[in-house]
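Right, one structure below, let's go through it.
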Amino acid sequence: QVSGLQCDCCEMWQRVWNFTKRHRRKLILGAVFTGGSLYAWRVLWPKIQALLEFQKLLQDADEELTKTAAGNRAARYKHKQQVSDDHARGALSEVRRRHHSCFSVEERHAAVRQVQSSDKAARLAAFQALQVEILARTVSAAYTLNMILLLHRVEFNIIGREEGPMADSNVGEAGPPDGPSNGKDDSAVVHTAFLDSMRYLEEDGVKQVAQAVRNAVLACAEREGLGPGTVMTADVLERFCLDACEEANGETLTKSIVALILPESIDEAVVSGHQKVKAFLDEARDFLESKQFMEVFRTATAGTVRRLVALLGDEGSTDVTHWEQYGLRGAPFASGGSCPLAKLCGPLTNLSNQVLTPSNGDGEEDFVARFASEPTVNALCEALNTLEA
């Protein structure tokens, strides 16, 4: 029995051996595959999982960096616009002094008081001269404010576009152009010199704007036949001021915008040997002559004019004593009201002061902040900020 069992075992193993010889390649491949799968499951798969998790972390980090970079760019852009407007605010007090000196409102008031009441013709002429001067000063203040603010936005976005962090943080910190400099200091010198070019508009340009607007207001007043007794409503005053702005645009924007704001005559004093400043000036001049700049200036100025008129109506002061000083019982255009043009001389004089006021203290209207909220202004600055120099 034992011998028979051994024979059976030998026969079985012989069959197994023969099967193995016949299918040895398949068995070897199967063993390798099985062993490799087991090895991959126990050793490689944890490593692959770790790699996939690491790649996921890298992807998340990259997305976060992209969002952060976009947020930083947006924050820098917003800061740049704020710095531009604050820089303009700093100049407004002196601009207002120069601007108002171009108008003889006080002298016209004195002339009205000196005319004998019995001389009606002379008194009417004196009143008409006064009303033209007050209307011109008011419209010119709105015109000047928006021109200065827009020029600041153009120049600040040109220099701020060069660097990631705000280049304007160095403005005013550099030494003279011919002194020793390193990269950062030299950049600050260039930027300071470029921004200094805005002084022309704030000094000589203001006088030219005042004269152009006075001529426009006088032409419109003669065309409309305005007189001290002309009944004015909010719509009538708004239309008149907007017409005067368009009349002035024909003399300033379409004919000599660059000569008014950044004439080439200032190059020698401003450039001071820095060709980069010259390149900045030329780029700014190209932009000033663009259709987009002109349209944005028209829109922003019209917005200021409309706000001025609104402050004489329901959106104006509710303090009765504020209006009593002008001989009025309340806002002249409140609830769709009207009044003679002569009654608007005092309120318009006050508003022309507010327009060129640096801050909105004492509850006064902040016209700079209103300019900054104008959508077309932001669109213009975004376009300029993304342009290649």
Side-chain angles (χ1 to χ4, degrees), residues 96 99-144 207-251 304-306 308-313 316-317 320-356:
R96 181 174 62 181
H99 176 267
H100 286 8
S101 70
C102 298
F103 297 91
S104 53
V105 173
E106 289 74 16
E107 292 83 348
R108 299 296 183 187
H109 267 297
V112 170
R113 288 193 295 268
Q114 290 173 2
V115 174
Q116 296 294 329
S117 58
S118 58
D119 193 344
K120 294 184 180 180
R123 192 168 181 81
L124 177 61
F127 260 117
Q128 288 176 327
L130 173 62
Q131 74 184 19
V132 167
E133 205 70 3
I134 291 175
L135 285 168
R137 194 172 91 165
T138 304
V139 175
S140 180
Y143 206 91
T144 300
K207 300 175 184 177
Q208 298 178 49
V209 169
Q211 187 57 50
V213 174
R214 178 189 282 108
N215 294 340
V217 168
L218 182 58
C220 291
E222 291 177 350
R223 190 164 56 238
E224 296 291 332
L226 290 187
T230 302
V231 177
M232 303 295 287
T233 63
D235 290 340
V236 171
L237 180 61
E238 180 181 305
R239 186 178 68 251
F240 175 84
C241 293
L242 293 178
D243 287 347
C245 286
E246 281 303 307
E247 187 88 15
N249 288 342
E251 184 174 341
T304 302
V305 167
R306 292 189 178 97
L308 281 170
V309 175
L311 290 174
L312 296 173
S317 175
V320 177
T321 59
H322 170 78
W323 299 107
E324 286 179 345
Q325 64 182 317
Y326 307 122
L328 298 167
R329 296 181 178 179
F333 298 150
S335 303
S338 62
C339 73
L341 178 56
K343 288 284 188 179
L344 296 178
C345 289
L348 288 176
T349 301
N350 175 60
L351 287 175
S352 69
N353 289 329
Q354 286 192 43
V355 172
L356 294 175

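This one's a predicted model, so the numbers in the text were calculated from it and none came from an experiment.
- By the 4.5 Å heavy-atom criterion applied to side chains, H100 and S352 are counted as neighbours.
- Contacts of A234 classified as side-chain contact (heavy atoms from CB on, under 4.5 Å), with partners at least two apart in sequence or in another chain: V309, F333.
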Which donor-acceptor pairs under 3.5 Å do the side chains of residues 218-233 make with protein atoms, sequence neighbours left out?
| unit_1 | atom_1 | unit_2 | atom_2 | d |
| --- | --- | --- | --- | --- |
| R223 | NH2 | E247 | OE1 | 3.4 |
| T230 | OG1 | G227 | N | 2.8 |
| T230 | OG1 | G227 | O | 3.1 |
| T233 | OG1 | V236 | N | 3.2 |

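- Taking all atoms of both residues into account, the shortest heavy-atom contact from A210 to S140 is CA-OG, 3.6 Å.
- A 4.5 Å side-chain heavy-atom check between C241 and T138 finds every atom pair outside the cut-off.
- Among L351, V355, T349, the single residue meeting the side chain to side chain contact (heavy atoms under 4.5 Å, CB included) criterion with R137 is T349.
- Side-chain N or O atoms of Q114 include none that pairs as donor or acceptor with a backbone N or O of A111 at under 3.5 Å.
- Here the straight-line distance linking atom CG of L242 with atom CD of E246 works out to 8.0 Å at 0.5 Å rounding.
- Atoms CG and SG, from L237 and C339 in turn, are 9.0 Å apart once rounded to the nearest 0.5 Å.
- Of all non-hydrogen atoms in A141 and H99, the two that sit nearest each other are N-NE2, 3.4 Å.
- Of the charged side-chain nitrogens involved, at least one lies within less than 4.0 Å of a carboxylate oxygen, so that E238 and R306 count as a salt-bridged pair.
- Between V217 and V132, the shortest heavy-atom contact is CG1-O, 3.9 Å.
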Next on the checklist: What verdict does the side chain to side chain contact (heavy atoms under 4.5 Å, CB included) test give for Y143 and N249, after you've listed the backbone C-alpha separation in whole Å, the side-chain angles of each residue and the deciding distance to 0.1 Å?
Outcome noted: CA-CA 10 Å; Y143 206 91; N249 288 342; 2.6 Å; yes

Item to check | side chain to side chain contact (heavy atoms under 4.5 Å, CB included) between H109 and I134, worked out | outcome: CA-CA 10 Å; H109 267 297; I134 291 175; 4.2 Å; yes

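- Minimum interatomic distance between W323 and L311 (heavy atoms only, all atoms of both residues): CH2-O, 3.7 Å.
- Pairing each heavy atom of A136 with each of V213, the nearest pair is O-CG1, 3.7 Å.
- When side chains are defined from C-beta on, L344 does not count as touching L135, because their heavy atoms never get closer than 4.5 Å.
- Applying the side chain to side chain donor-acceptor pair (under 3.5 Å) test to every pair with at least one member in residues 124-136, sequence neighbours left out, gives these pairs: S104-E133, E133-R214.
- For the atom pair L130 CG and R108 CZ, the distance stands at 8.5 Å (nearest 0.5 Å).
- Here the closest heavy-atom approach between residue V139 and residue A244 is recorded as CG1-CB, 4.4 Å.
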Item to check | Step-by-step side chain to side chain contact (heavy atoms under 4.5 Å, CB included) determination, L348 to L308 | outcome: CA-CA 8 Å; L348 288 176; L308 281 170; over 6 Å; no

Checklist entry - Where do C345 and Y326 land on the side chain to side chain contact (heavy atoms under 4.5 Å, CB included) test, with the steps shown first? => result CA-CA 8 Å; C345 289; Y326 307 122; over 6 Å; no

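- For the atom pair OG of S317 and CG of L312, the computed distance is 11.0 Å after rounding to the nearest 0.5 Å.
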